[in-house]
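Here is the naming used below: chain letters follow the sequence lines, and residue numbers restart at 1 for every chain.
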Number of protein chains: 2
Amino acid sequence: MTERKKLTLKDIAKELGISISTASRALKEHPDIADDTIKMVKDFAEKHHYVPNILAVNFRKNRTYNIGLIVPELVHHFFSTVISGAIDGAKKLGYNVLVSQSNDLLADETTACRTMLASSVDGLLISISNETLEADHLKEFLEEGKPVVQFDKITDHLNTPKVIVDDFEGAYQAVKHLIDQGYKKIAHIRGRREVKNANERALGYQKALEDHQMEQSSDWIKDCVHINEQEGYDFCEELLKSQNPPDAIFCITDLVALGVLKYLKEKQIAVPQEVGVVGFSNWKLAEIVNPGLSSVDQHGYEMGERSIVKLIQLIKDHNIENEEVIEIKTKLIIRGSSLKS
Amino acid sequence: MTERKKLTLKDIAKELGISISTASRALKEHPDIADDTIKMVKDFAEKHHYVPNILAVNFRKNRTYNIGLIVPELVHHFFSTVISGAIDGAKKLGYNVLVSQSNDLLADETTACRTMLASSVDGLLISISNETLEADHLKEFLEEGKPVVQFDKITDHLNTPKVIVDDFEGAYQAVKHLIDQGYKKIAHIRGRREVKNANERALGYQKALEDHQMEQSSDWIKDCVHINEQEGYDFCEELLKSQNPPDAIFCITDLVALGVLKYLKEKQIAVPQEVGVVGFSNWKLAEIVNPGLSSVDQHGYEMGERSIVKLIQLIKDHNIENEEVIEIKTKLIIRGSSLKS
DNA sequence: CTGTTAGCGCCTTCAA
DNA sequence: TTGAAGGCGCTAACAG
């Protein structure tokens with residue numbers, strides 16, 4: 001395979017008997033340059049497949065058109081949907097996306113940030129790990145004048161734009177739906193107290209109960225740590241074996257709801273007749289299970305797209321002071337797990 | 001936020017009263033440089049947080065430490081698993097990964113390739129789209145001396161290393177398992193004839209039947225086009241309503257198997273007693289459905305990791321002539337959908 | 001052991 | 001309307 005040497009401006013200038021700067025300007029149709037010259041240079045460039053050396057351009061301009069994107073997990077329906085939206089949005093605006101994952105570990109997140117910074121991305125899009133409480137590793141970006149946009153899992157310790165799902169409202173609607181369906185004792189298997197999304201959802205749950213004068217009980221609120229199927233299963237068992245068992249369960253996420261459904265199926269407790277279940281995120285699995293799992297869709301693709309558009313705007317404006325909060329509306333998808341009628 | 005100006009080698013040299021090249025060499029502990037000088041420079045650099053301008057280095061060295069990765073779909077359990085492995089592998093070797101998706105369209109794939117080439121990745125990792133029959137857009141990489149590694153969905157029109165799953169053997173084992181379980185009439189819902197993986201799996205299916213003197217029928221082979229749930233459902237119906245219905249179905253992928261399971265459940269046909277089902281890919285859904293879906297695991301994470309390691313090795317060796325084929329072993333995961341006993 | 005010099009490819013004043 | 005020259009930050013060949 002012959003590796004053809006790349007044509008440079010210098011080559012063009014020499015061939016055409018003009019100076020390098022004229023060639024450079026002609027290619028970008030600088031108004032000072034004569035039309036004839038422009039045509040000549042462009043024709044020549046086209047004919048010989050001239051491609052500017054992007055490395056030189058980037059070096060000169062001190063930017064890369066690359067954006068860093070860090071998520072807790074890559075193999076994850078919601079996050080991969082966000083990534084998909086971010087990549088498509090970036091492509092439209094002429095940017096590339098460098099993807100990395102933190103595995104929900106602060107150490108990995110910090111490493112990823114350093115790598116991104118070292119490879120000189122123009123900006124960062126991040127959904128922080130569960131362990132991230134402080135944000136010093138993120139401040140480094142701002143100190144270098146590189147904008148950061150947070151999405152979904154965010155921290156208030158960093159003043160950047162934030163693109164979030166309206167967790168409160170999503171939870172509120174989910175619980176209201178259960179109330180409308182006639183469930184009387186609604187439990188909530190919630191996420192960690194340090195995680196903002198989890199708190200918002202819990203608040204939405206509580207507000208819905210209050211607004212509709214529903215019975216409340218601290219026994220009906222269970223705190224997840226790992227937020228997995230097993231916890232859903234175990235908490236469901238605890239709830240149903242308690243003195244005052246609930247007749248509906250609102251879960252922090254679909255995976256937890258799956259554990260709940262599994263327990264109910266094993267014990268032959270009818271869903272949705274005896275117990276109603278609603279999840280959060282609307283993963284692929286929600287439509288696959290039987291009965292279908294009602295869930296709150298977070299519009300991940302849109303979130304990714306909006307986030308990247310915002311970030312690129314900040315990059316172009318050299319703006320690292322923006323703190324706008326963009327809220328993506330949720331949508332309750334009702335399926336068999338909570339639909340009595 | 002004060003944007004502190006970056007320290008350069010020039011600054012260090014001036015401060016320390018030495019030349020730029022001495023500073024440069026000292027930082028990389030060049031043997032010619034006196035230990036004292038090295039120490040002095042390193043101390044100074046550390047104290048003042050010197051970070052080399054990566055853009056300048058890349059420009060000078062004509063490489064980016066960025067690798068392009070193109071998959072048909074991002075929101076896809078198998079591909080996101082591969083990406084995860086590739087990213088982790090790249091990280092260990094000091095490379096970043098630029099991700100893009102083709103949506104299984106040749107046009108999008110070509111665009112993605114151009115963008116990657118323009119942003120000057122050091123090499124490309126790709127799983128081609130269903131539409132990709134020729135490979136001219138990929139040859140451009142090789143022509144520029146940038147190695148390419150193909151994985152999973154590959155084309156033989158491009159001479160590069162290929163990392164593939166042993167589709168033939170995976171299919172063979174799946175079908176052999178059905179035979180071992182006592183199924184007598186095994187059907188296959190297969191993928192497109194233009195797609196190599198699909199053909200390999202079909203051959204594995206056929207060979208297993210031959211080796212065990214099983215009944216064969218062209219009526220038992222159904223060709224998918226979209227490879228989705230609906231096709232699985234429809235073909236299952238066709239198969240079971242035929243003159244000579246099969247008692248087991250080996251599906252090209254889990255999604256198709258899901259459609260099959262749905263049909264069987266609706267018609268109250270017992271799985272695995274009356275009909276056995278095996279899928280391919282071992283997606284998350286395979287363990288979630290009830291009964292669990294037996295499936296052939298493709299070890300996506302390992303595939304991503306092996307692919308990227310191979311690619312980086314070629315980049316380092318400036319080697320674009322390699323055509324090694326790396327085969328990842330599959331593993332049959334047996335679940336309720338095919339386990340009679 | 002260290003400094004000088006030249007240059008990577010491009011852009012951008014400044015001068016003609 | 002064009003050209004010459006300088007420089008972005010770093011590396012490396014060549015001299016001392």
Query raised in the report: If only side-chain N and O atoms of A/T37 are considered, is one of them under 4.0 Å from the OP1 or OP2 phosphate oxygen of D/dT2?
Result: yes
**Report entry** Nearest-angstrom distance from the residue atom CG of B/N62 to P of D/dC10
**Finding:** 18 Å
Between the protein and nucleotides 4-7 of chain D, list the N/O to N/O atom pairs that are separated by less than 3.5 angstrom.
{"unit_1": "D/dA4", "atom_1": "N6", "unit_2": "A/S21", "atom_2": "OG", "d": "3.3"}

Query raised in the report: Over how many whole Å does the gap from A/D35 atom CG to D/dT2 atom C1' extend?
Result: 15 Å
Report summary line: Of all heavy-atom pairs linking A/N159 and A/L142, the shortest is O-CD1, 4.3 Å
Query raised in the report: How do B/D32 and B/F59 order along DNA chain D: which one's closest nucleotide is nearer the 5' end?
Result: B/F59
Query - Nearest-neighbour nucleotide for the A/I33 side chain, D/dT11, D/dT2, C/dC10 considered - result: D/dT2
Query raised in the report: For B/K61 and C/dG7, what is the distance between atoms NZ and C1' respectively, to the nearest whole Å?
Result: 16 Å
Query raised in the report: So does B/T8 get a side-chain nitrogen or oxygen closer than 4.0 Å to the phosphate oxygens (OP1/OP2) of D/dG9?
Result: no
Query raised in the report: Checking all strands, does B/N53 fall into the base, sugar-phosphate, or nothing category for heavy-atom contacts under 4.0 angstrom?
Result: sugar-phosphate
Query raised in the report: Among A/E73, A/Q101, A/H76, which residue meets the side chain to side chain donor-acceptor pair (under 3.5 Å) test with B/S84?
Result: A/Q101
**Report entry** Nearest-Å distance for atom pair CG/P, residues B/L9 and C/dG3
**Finding:** 13 Å
Report task. Can you figure out which of C/dC10, D/dC10, C/dG3 approaches the side chain of A/Y50 most closely? Result -> C/dC10
Report task. Among A/L93, A/I326, A/V149, find the residue that satisfies the side chain to side chain contact (heavy atoms under 4.5 Å, CB included) test when tested with A/V309. Result -> A/L93
Report task. Send over the distance from B/K28 NZ to D/dA12 C1', rounded to a whole Å. Result -> 10 Å
Query raised in the report: Got more than 12 heavy atoms from elsewhere within 6.0 Å of CD, A/E46?
Result: no
**Report entry** Toward the 5' end of DNA chain C, by each residue's nearest nucleotide, B/A56 or B/A23
**Finding:** B/A23
Query - Whole angstrom value for the distance that separates P of D/dT2 from CG of A/D36 - result: 8 Å
Requested in this report: Check every strand shown and say whether B/I18 touches a base, only sugar-phosphate, or nothing at a heavy-atom separation below 4.0 Å.
Outcome: sugar-phosphate
**Report entry** Carboxylate-amine/guanidinium contact B/K146 B/E140, below 4.0 Å
**Finding:** no
Requested in this report: Rounded off to whole Å, could you give me the CG-to-P distance for the A/L55 and D/dG9 pair?
Outcome: 16 Å
Query raised in the report: Mind checking whether A/F79 and A/F151 have parallel, tilted or perpendicular rings, split at 30° and 60°?
Result: perpendicular
Query raised in the report: Given atom CZ of B/R63 and atom C1' of D/dT11, what is their separation to the nearest angstrom?
Result: 12 Å
Query - Electrostatic pair A/K39-A/D35, nearest N-O below 4.0 angstrom - result: no
